[in-house]
There are 2 protein chains.
Amino acid sequence: MGGGGAGPSIRLVAERAGVSAGTVSNVLNGKASVAPAISARVRVAVEQLGYFRDNRASRLRSGDSRLAGVIVPDLTNPMFAAFVSTLEQLGRRDGYDLVVVSARNDPAEEVERLRRIREWRPAGLIVIPCDGALAERLPGGPPMPLVVADRIPDAPRFDLVAVDNAEAAAAVVRHLGVQGCEDCLVVGTSLAISNVRERWEGARSAAGNLRLDFLAVGFDDHAPPALEERLRGAGRPQALFCLDHETTLAAYRLLGEMGLGAGADVAFAGFDEMEWMRLVAPAVTTVRQPVEAMAACSWSMLRRRMGGDAGPPQARRLRCAVTFRGSTPRQTASRSREADRTTQGG
Amino acid sequence: MGGGGAGPSIRLVAERAGVSAGTVSNVLNGKASVAPAISARVRVAVEQLGYFRDNRASRLRSGDSRLAGVIVPDLTNPMFAAFVSTLEQLGRRDGYDLVVVSARNDPAEEVERLRRIREWRPAGLIVIPCDGALAERLPGGPPMPLVVADRIPDAPRFDLVAVDNAEAAAAVVRHLGVQGCEDCLVVGTSLAISNVRERWEGARSAAGNLRLDFLAVGFDDHAPPALEERLRGAGRPQALFCLDHETTLAAYRLLGEMGLGAGADVAFAGFDEMEWMRLVAPAVTTVRQPVEAMAACSWSMLRRRMGGDAGPPQARRLRCAVTFRGSTPRQTASRSREADRTTQGG
DNA sequence: ATCGACTCATAAAACGTTTCACCGCAGGCC
DNA sequence: GGCCTGCGGTGAAACGTTTTATGAGTCGAT
């Protein structure tokens, strides 16, 4: 006995309590009514043997999966970590086990993870895709409840939860304009990510007579040379606006290494508020995404789907909060100096 | 037939390919040799039906679990996130699925998570306990391969991977002494956590004639009032040394809110290097823990246990790196001023 | 021609659980 | 006493897979 896995089986418990296996199951799951005396005997046997259920058999037999998969592009990104952490709490509250995996920003790994998760027969999936295009390279099988969060796949066949990227970016750009900025370099990892694309378009739509220029710097460059070049010398823009977590961090670090002061030498704004942005001086103007709300919204949508709702795909947009801080100061005094320097633009 | 979970069963594939279920299994797992013609037919059928294995049945039947559980106190702590992320990569490399859960710094939740994970019959567990005492309130059952990381349970019955806490803290304290500090307030969440305890003891052992004082501030206080009181007014210590991630962040934020400059008004050092510590001015002196190495070490120890090794528990200590930066400056010039202010201490 | 050895495929058993059909039995009612 | 109605328990089937014992067939050597 003892079997492959450790631990006693339900049959052993049944034998010890002098009842049948079905009765033990009924006691443990409360599905059918059991006489108090028997129930007590069973509980004692469970306690004595240290029995605990084998979910593999349990979930196999009862088609009820009570398992949900979560895939994020990168667990070390604090935003995604918060997302997962919130989901975990919600899942637990509703009696679901969560399988959390990170795709490490690699579409190939994403699809591989999806394959493996699927083999556990989850009741639903919440995915933050690492690439807009690859979100629909989902394994073919039967459609499974699926919520796509944060980043929008190219084909809108799924339930969707995201933030109001364009509006948030527009707010930042408008602010820069009001502060007197004349030109701004907008930086992001890649326009292949829907977030970055939407933010860039939102920024452009609100540019007014602020000159905008976009630069894609990719993921793994800590000090992107292309960016460094743009910040060096006479052509340096008055403002720098970073469209995602990675870029914001990399650019701010680069500014420091180049001896440029955020706010003083270059106005600086970014996405994805993190604690340090309030700790530095001057503090950094950022867009704060409502991660917890996004997680909660994703979970409730997924629950509805797992409950059997088969309506058409829904999309929800959550509003971001922009906090203006010292890193995007009024450009009055410095503008003349800057204008002098950037004669090439005139 | 579709059954409870979605997707076709292995029997359907077998029927379609005109073979038996066992043969399909053999083709898919390569355990026994199958004639090339049959193998091809089976693969075609698999492809056409979109078959994929049901791990619940698979792992149930073959006792092989190929599943490992990971429990950390808090996924939003970047150190633990990095730990998990590394583990995930290693697990995948070795063909293991990982179940990752966070205990949210709550021992009760930790034990509840452990219970639930256990029901999936994992082959092993890697735990960063949220509390030294509660690590051995493990569910009773049969002993399972288990590696405890980062924090040391009170009873050393398990394999253990941790860092050289005492030595790292001692290095920081020695540095403070050399810089001319006379008194230092040491802050940590709780001495119930072995890390904090070891660091505090290491600090004390290296104090020399530097006066040390310890303050426990708990977890959820963003601006711990007790700490604020100690930093206000005449009794303010010359140096502040924070013994863990949470405290370092909270204390640094508090300094800012109080208008005190780290380095200028109070020498400041902390544990758990994070990116912003290099971004602020002056940069923060910190102890960097080798998280990735800790994860790799945990995994290799667990693999050995899962492979059947039943030797006595082993313990490994990894070395931390201390980076001295501007937040712990030489106190020569300012010491006289400070001494003037802290007349009560003279 | 017979035997042994080897290769492949099959049918059935097993894993641990839940569910389903069934049955004994007590009690109330006619 | 016969009959219906529930209650509370049982044995067996089922979930989808892997494994094991078995057997059918081929080939080469005696």
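Residue numbers begin at 1 in each chain, while the letters A, B, ... track the order of the sequences.
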Would you say the side chain of [Y] lies within less than 4.5 Å of the side chain of [X], judging by non-hydrogen atoms?
X       : Y        : value
B:Glu15 : B:Val13  : no
B:Met79 : B:Asp150 : yes
A:Pro8  : A:Tyr51  : yes

Atom [atom1] of [X] to atom [atom2] of [N]: distance rounded to whole Å?
X       : N      : atom1 : atom2 : result
A:Leu12 : C:dG16 : CG    : P     : 9 Å
B:Ile38 : D:dG25 : CD1   : P     : 14 Å
B:Asn29 : D:dT19 : CG    : P     : 7 Å
A:Arg61 : D:dA13 : CZ    : C1'   : 7 Å
A:Arg59 : D:dG16 : CZ    : P     : 16 Å
A:Phe52 : C:dG16 : CZ    : C1'   : 12 Å
A:Arg53 : D:dC15 : CZ    : P     : 21 Å
A:Lys31 : C:dC20 : NZ    : P     : 11 Å

Select base, sugar-phosphate, or nothing to describe what [X] touches, counting heavy atoms under 4.0 Å on all strands.
X       : result
A:Ser58 : sugar-phosphate
A:Asn55 : nothing
A:Ser33 : sugar-phosphate
B:Arg11 : base

Closest approach to the side chain of [X], judged atom by atom: which nucleotide of [options] is it?
X       : options                : result
B:Ser9  : C:dT17, C:dA11, D:dG16 : D:dG16
B:Val19 : D:dT18, C:dT10, C:dG16 : C:dT10
B:Ser62 : C:dT17, D:dT18, C:dT19 : D:dT18
A:Asp54 : C:dG16, C:dA9, D:dG16  : C:dG16
A:Asn26 : C:dT19, C:dT10, C:dC15 : C:dT19
A:Tyr51 : C:dC8, C:dT17, D:dT10  : C:dT17

Quick check: on DNA chain C, is the nucleotide nearest A:Ile10 upstream (toward 5') of the one nearest B:Thr23, or the reverse? Name the residue that is more 5'.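 Result: B:Thr23.
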With a cut-off of 6.0 Å (strictly less than), are more than 12 heavy atoms of other residues, nucleotides or ligands near CZ of B:Arg115?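 Atom CZ in B:Arg115 is not packed in, count stays at 12 or less.
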Ring centroid separation B:Trp299 to B:Tyr96 under 6.0 Å: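 Yes: the rings meet the under 6.0 Å criterion.
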Residue met sooner reading DNA chain D from 5', once B:Leu60 and A:Val34 are mapped to nucleotides: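 Its nucleotide being nearer the 5' end, the pick is A:Val34.
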Indicate whether OP1 or OP2 belonging to C:dA9 is found under 4.0 Å from a side-chain N or O atom of B:Ser20.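 Answer no for this pair, as no side-chain N or O of B:Ser20 is under 4.0 Å from OP1 or OP2.
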Would A:Gln314 and A:Arg305 count as having a side-chain donor-acceptor pair, cut-off 3.5 Å?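 Absent: no donor and acceptor within the cut-off.
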